[in-house]
2 protein chains.
Amino acid sequence: MNEQLRAISELDRVIHEPGRLMILALLAAVKECDFLYLQRETEMNKGNLSSHLTRLEEARYVEIQKTYRGKVPQTVLRLTRAGRAAFDEYRKGLRAAF
Amino acid sequence: MNEQLRAISELDRVIHEPGRLMILALLAAVKECDFLYLQRETEMNKGNLSSHLTRLEEARYVEIQKTYRGKVPQTVLRLTRAGRAAFDEYRKGLRAAF
DNA sequence: CCAACACGTTTGCACCACAAACCGCTTTGC
DNA sequence: GCAAAGCGGTTTGTGGTGCAAACGTGTTGG
């Protein structure tokens, strides 16, 4: 197997999913944001977004912090150190492949 | 939605799957090859490879030509024009995203 | 002959992305 | 006040799909 193919085959499948890729790309850029901002930016529906976030949390790539803005619940998202590392690694893999 | 996120969300899902990405990357490089060569290079099992190829054929991205090498059946694969265009477009999308 | 092998394909399952339905809370209308 | 609608998400149901094991069809070896 050549280097290009190996790079492709080793891409992190948790990150590779476009929905999650969008989330990670955004979080990598802004450091921190809330659920609704993420929803507006990605144009995903709530359910879809919520389950991708859960998956990213299970992978320890994203931290989910539930809080309140006044009386309104607010979910704040942040990349973990591992998440940033994995995302960097993923991009490195892509560059190696293309 | 910003340009990066749009590029990600518009990635062709048929191509985005790593198994098929490997197949297309290889076919783009060599123009034509047979099933077993593809299997060795990608290190996929036959079943997996076969179904990805079927999917690529259904998408009209790959041409599957069954022939013989002596008495031994041989399956020759080739990128179609549409396949090459879609692959180029996919790579363009990736570059726009990263 | 018939057993083993070569070249793929089909089947069965397990997982997962997606959206509809739901839930608890708050605000609005009357 | 108190239904009804809205807000911020989560859970559920399901169709689709990636994967490997089992199968099929022909060929070769003993």
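Numbers restart at 1 for each chain; the letters A, B, ... are given by sequence-line order, proteins then strands.
- The stretch residues 39-69 of chain B participates, sequence neighbours left out, in no ring pair (Phe, Tyr, Trp, His ring centres under 6.0 Å) pair at all.
- A nucleotide of DNA chain D counts as in contact with chain A when one of its atoms lies under 4.0 Å from a heavy atom; the first and last such, 5' to 3', are D:dG8 to D:dC19.
- Separating the CG atom in A:Asn48 from the CD atom in A:Glu43 is a distance of 12.5 Å, to the nearest 0.5 Å.
- Under a 3.5 Å cut-off, the side chain of B:Arg20 and the backbone N or O of B:Val14 do form a donor-acceptor pair.
- With contacts defined as side-chain heavy-atom distances shorter than 4.5 Å, the pair A:Leu21/B:Phe98 qualifies.
- Taking the ring-ring contact (aromatic ring centres under 6.0 Å, His included) definition, one finds that A:Phe35 meets it with nothing, sequence neighbours left out.
- Under the rule for a side-chain hydrogen bond (donor to acceptor under 3.5 Å, both in side chains), A:Gln39 has no partner lying at least two apart in sequence or in another chain.
- With sequence neighbours left out, A:Phe87 forms a ring-ring contact (aromatic ring centres under 6.0 Å, His included) with no residue at all.
- Judged as a salt bridge (Lys or Arg N to Asp or Glu O under 4.0 Å), and not counting sequence neighbours, the contacts of B:Glu17 are A:Arg13.
- Criterion: ILVMFWY side-chain heavy atoms under 4.5 Å apart, direct or through other members. Under it, B:Ile23 and B:Ile64 are part of a common hydrophobic cluster.
- Under the side-chain hydrogen bond (donor to acceptor under 3.5 Å, both in side chains) criterion, A:Gln74 pairs with A:Asp34, sequence neighbours left out.
- Residue pairs that meet the side chain to side chain donor-acceptor pair (under 3.5 Å) test with at least one member in residues 21-30 of chain A, sequence neighbours left out, do not exist here.
- Chain A approaches DNA chain C within less than 4.0 angstrom (heavy atoms of the protein), and the contacting nucleotides run 5' to 3' from C:dC16 to C:dT27.
- In the region residues 39-69 of chain A, proximity to DNA chain D at under 4.0 angstrom, judged on heavy atoms, holds for A:Lys46, A:Gly47, A:Ser50, A:Lys66, A:Arg69.
- For DNA chain C, the residues of residues 6-37 of chain A within the heavy-atom distance limit of 4.0 Å (strictly under) are A:Glu17, A:Arg20, sorted by number.
- Under the salt bridge (Lys or Arg N to Asp or Glu O under 4.0 Å) criterion, the residue pairs touching residues 82-98 of chain A are A:Asp88-A:Arg91, A:Glu89-A:Lys92, with sequence neighbours excluded.
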